[in-house]
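Step one of this worksheet: look at the structure below.
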Amino acid sequence: MSKEKFDYFINGEKGKYEVVIGLEVHAQVLSNSKLFSGSSTKFGADPNKQVSLIDSAFPGMLPVINEECVKQAVRTGLGLNAKINNYSVFDRKNYFYADLPQGYQISQYKNPIVGEGKVLLDMPYGSKEIGIERLHLEQDAGKSIHDMDPSSTYVDLNRSGIALMEIVSKPHLRSPDEVNAYIKKLRTIMRYLGTCDGNMQEGSLRADVNVSVRKIGDKNFGTRCEIKNVNSIKFMQMAIEYEANRQVELLEDGKEIDQETRLFDTKKNETRSMRSKEDAHDYRYFPDPDLLPLKLEQKFIDDLKKSLPELPDNKKERFIQEYGLNSYEANVLVSEKEISDYYEEVAKLSDKKLAATWMMGDLFAMLNDKGLNISNSPISAKNFAELVQSIKSGEISGRIAKEVFEIMVESGDNPKKIIESKGMKQQSDPKELEKMINEILSKNKDKVDQYKAGKEKLFGFFVGQVMKLSGGKANPQLTNEILKKLLKG
Amino acid sequence: MSNITNQSLSEILESIKSKKISSLELTQAYIKNIENAKKLNAFVTTTFDQALENAKKFDNKPNNEQLLSGVPLAVKDLFCTENVKTTAGSNILNNFVPSYESSVTKNLWNNGAFLLGKLNCDEFAMGSSNETSFYGNVINPIGDHLVPGGSSGGSSSALAADLTPATIGTDTGGSIRQPASFTGTVGLKPTYGLCSRWGIVAFASSLDQAGPMTKTVNDCSIMLEAMSGFDEKDSTSINKKKESYSKNLQDNIKGLKIGIPKEYRVDNMPKEIDELWEKGKKILKDLGAQLIDISLPHTKYALPTYYIVAPAEASSNLARYDGVRYGHRSQKGKDLIEMYENTRSEGFGDEVKRRILIGTYVLSSGYYDAYYLKAQKVRQLIKKDFDDSFTKVDAILTPSTPSSAFKIGEKTNDPVSMYLNDIFTVPVNLAGLPALSLPAGLDKQGYPLGLQLIGKALDEQKILNIGYAFEKNCGYKNEIKKWWS
């Protein structure tokens, strides 16, 4: 595969600009209960039904760390090839808001649980490493609802206190495509680990996007703007596009960029200033005296490391080695753990390469069409493998296979059963084929003569006749061979 | 029978056990005292009906196996009590009725006691005279013009006036020991983490600790045993085996080394305090203890350190009182910010506001390193002073306070002189150590003075034993005329 060149730049009159992007991804930890309380984290409950006295900050209530959330953060850190800190501290980030009951968010400031790591992206122009600055644990806030009543704001605290992992990247991203690949890669890793479901519609994955621009060749970063709380990859890409161009325009006009926090208006497709640096909150961070520093024993970390599942990068390498797939195929097939599981089950029972081709072709197209995913595919891995095997062994042709596939989708039946009951089996008996071919050749003596005289195009005509006579079941390869042999004689 | 209420808790428990008195009679006697003592303003809320009900229940089915069998107790209004209004002495919680019971009070009730009422205190436990309470100042039974100390002033006043057989307070910088000293009673601040903070309205989380306030050291050991214990709901709670402080209480202190720190002196300290300290030393020496001069060189930084750390934590702890979910909410204001401003302006008193401002300031960006961070470093040095000393001594003897009870209004306009009252008590909180204040004598005006015994972390038994021996040989007795009834 020929490698494309990276080409995301913004051309101004005064030069060509590079876009520098860093992400702060907020990933909701998969856990049954909240970070510091026993309340349920299940999505979609009625407002304020999953709120304990701790989540609503009643007097005298104290936080107690949920060990499972700590484990999930460590697992995620390990999945990001990051340093796990044996010592980390929970701090209070102080600010007033109606959906922040304590008047502070418990977060990690100077000493996060996870330090530097990295994520590998597969881009059309080669693989690219994105540095991770840190990952820390923090509480989510509740939700303010402004549109239920014209004069009041309602507050839903179900989300208040749910554990989030904030994953901060280094400013290594350079285009909306890289952001797309990065988010998807993070999502894949966390879904493999079972640490975050990555469901962006439900808000399990959101990001603050830091954008700056600089002229190509500049060593220093430009002034950055932070776009808050963007909850889909598409919006992130749109926001970056808009924001980078806005910044370039300012620079081209000889103006300065203000360091500020901006909001992305999805309706107008533009970013808007939310607050300037001067108005920035002074969060008055300090260590939360209600919680002791989090000390992790090395054994705790090592045990978690041992229990990690195979991660996408390793699995991809293995798929290439073990199944002879190319990098692109391997990439697609490891993108979701469920897909890779399905593939491996199919590959165990059938031709590995053909299985990959059919999965990425017909199977994915069908799932996509029907709005299904691999976990609820109407075709089981075992049946799919049998179909692949039937093609490979020559029992059915590729064309017939497509018909069988359609019937499998509708009926969920085993392909063998379909092939047999519908008589779709390929004719691969040389004697039978020879008999059929001889019949055709004797019926078309004139054409045989023309062929022998040099009109080789007629070969296709003979094949067509054989197919017609066999009802499409003649083995094409054998037919070709026998036909050639008989026409020579 | 008529004077059952001026007996000690242990004597009362004995009377109940031997059926000399019923729980109901006892409860009625205290109710009568409380009703006659309204002038002291020690109570914010009384729970007489509930107490009488509980007393009857006990009498019908007495269980004398418990540490506090059949005893009514009033507690500081900082402890959340299920279905009983809990105000923390503040207007902002004027209407607040918790649906839960603090771990410490639950421990008391699980040991056979029941609630008699909620005792006045400085607003959010911020004060040294009980004059910052929204419910008015409390009067010291020692004299109608005197403060009872603070912040557990309702507790000390009620105890000294025989309105409860024992009580509990909280101590962030001296709030148990100073009022005990001012009222001639015994007060213990336990090791940080010995008593759960769950369900106690927080002032400064890294310093707050609940503890007993009693008439005798023996009572103190009984109460401590009942209220302490590991609580998984408090992450700073110490997970250790429960001790039988009362069973193990003994008065042989021969050979124990008592440290005398040279830094526990302030300018213009009344001569009586020095004399009292000398008297304390002599008593312990006569009992066979060895006195050793020690130095706690960072003592002078304790008060400024405390007045950075405590307000910093308080400014954050009190952010939850915003009018959104419970407590007072101002009806004024056109948006959320104005609602906050009005709610908190109306809900908090001056001292609380002062500390929120100080705390917000010292945590602010640009000031954090100079104040909060530096204070934390000094705090470590103060702790290290104690650690070093405790390699040489078993306990440390100091005065509890630099003066006896002062007059109501005397210091209200001078916060710094008010803060100075905590100068001997705050180092202990910063170091997380246990300390016992014992009544030891009177000043020339006839007001009680206390001495403080500081122990190693979790060495409560030892300071209780020393206190027990001291008490037997000191001969101090509170002689309070019930001028209010």
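Naming: A, B, ... by sequence-line order, numbering from 1 per chain. These values consider heavy atoms only, across backbone and side chains, with no hydrogens, waters or symmetry-generated copies.
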Between A:R284 and B:Y368, does the side-chain hydrogen bond (donor to acceptor under 3.5 Å, both in side chains) criterion hold? Intermediate values first, please.
CA-CA 8 Å; A:R284 292 171 279 121; B:Y368 180 87; over 6 Å; no

If I measure from the heavy atoms of chain A, does [X] come under 4.5 Å with its side chain, its backbone, both, or neither?
X      : result
B:F79  : neither
B:S99  : side chain
B:A312 : backbone
B:N317 : both
B:Y192 : side chain

If you look at every heavy atom in B:S365 and A:D282, which pair is closest and at what distance?
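Looks like N-OD2, 2.8 Å.
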
Tell me the closest heavy-atom pair linking B:D234 and A:V64, and the distance in Å.
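Looking at all heavy atoms of both residues, the closest pair is N-CG2, 4.4 Å.
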
Point-to-point distance, once rounded to the nearest 0.5 Å, from [atom1] of [X] to [atom2] of [Y]:
X      : Y      : atom1 : atom2 : value
B:L363 : A:Y283 : CG    : OH    : 15.5 Å
B:S235 : A:D290 : OG    : CG    : 7.5 Å
B:I337 : A:F96  : CD1   : CZ    : 9.0 Å

Just by distance, do the side chain of B:R325 and the backbone of A:P101 share a donor-acceptor pair under 3.5 Å?
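At least one qualifying donor-acceptor pair exists.
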
Toward chain B, the part of A:Y97 with a non-hydrogen atom under 4.5 Å:
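Both backbone and side chain of A:Y97 come within 4.5 Å of chain B.
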
Go through A:I54, A:L291, A:L53 and name the one with the most non-hydrogen pairs under 4.5 angstrom from chain B.
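Top option by heavy-atom pairs under 4.5 Å: A:L53.
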
Give a yes or no on whether the ring-centroid distance for B:Y326 and A:F58 is below 6.0 angstrom.
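Yes.
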
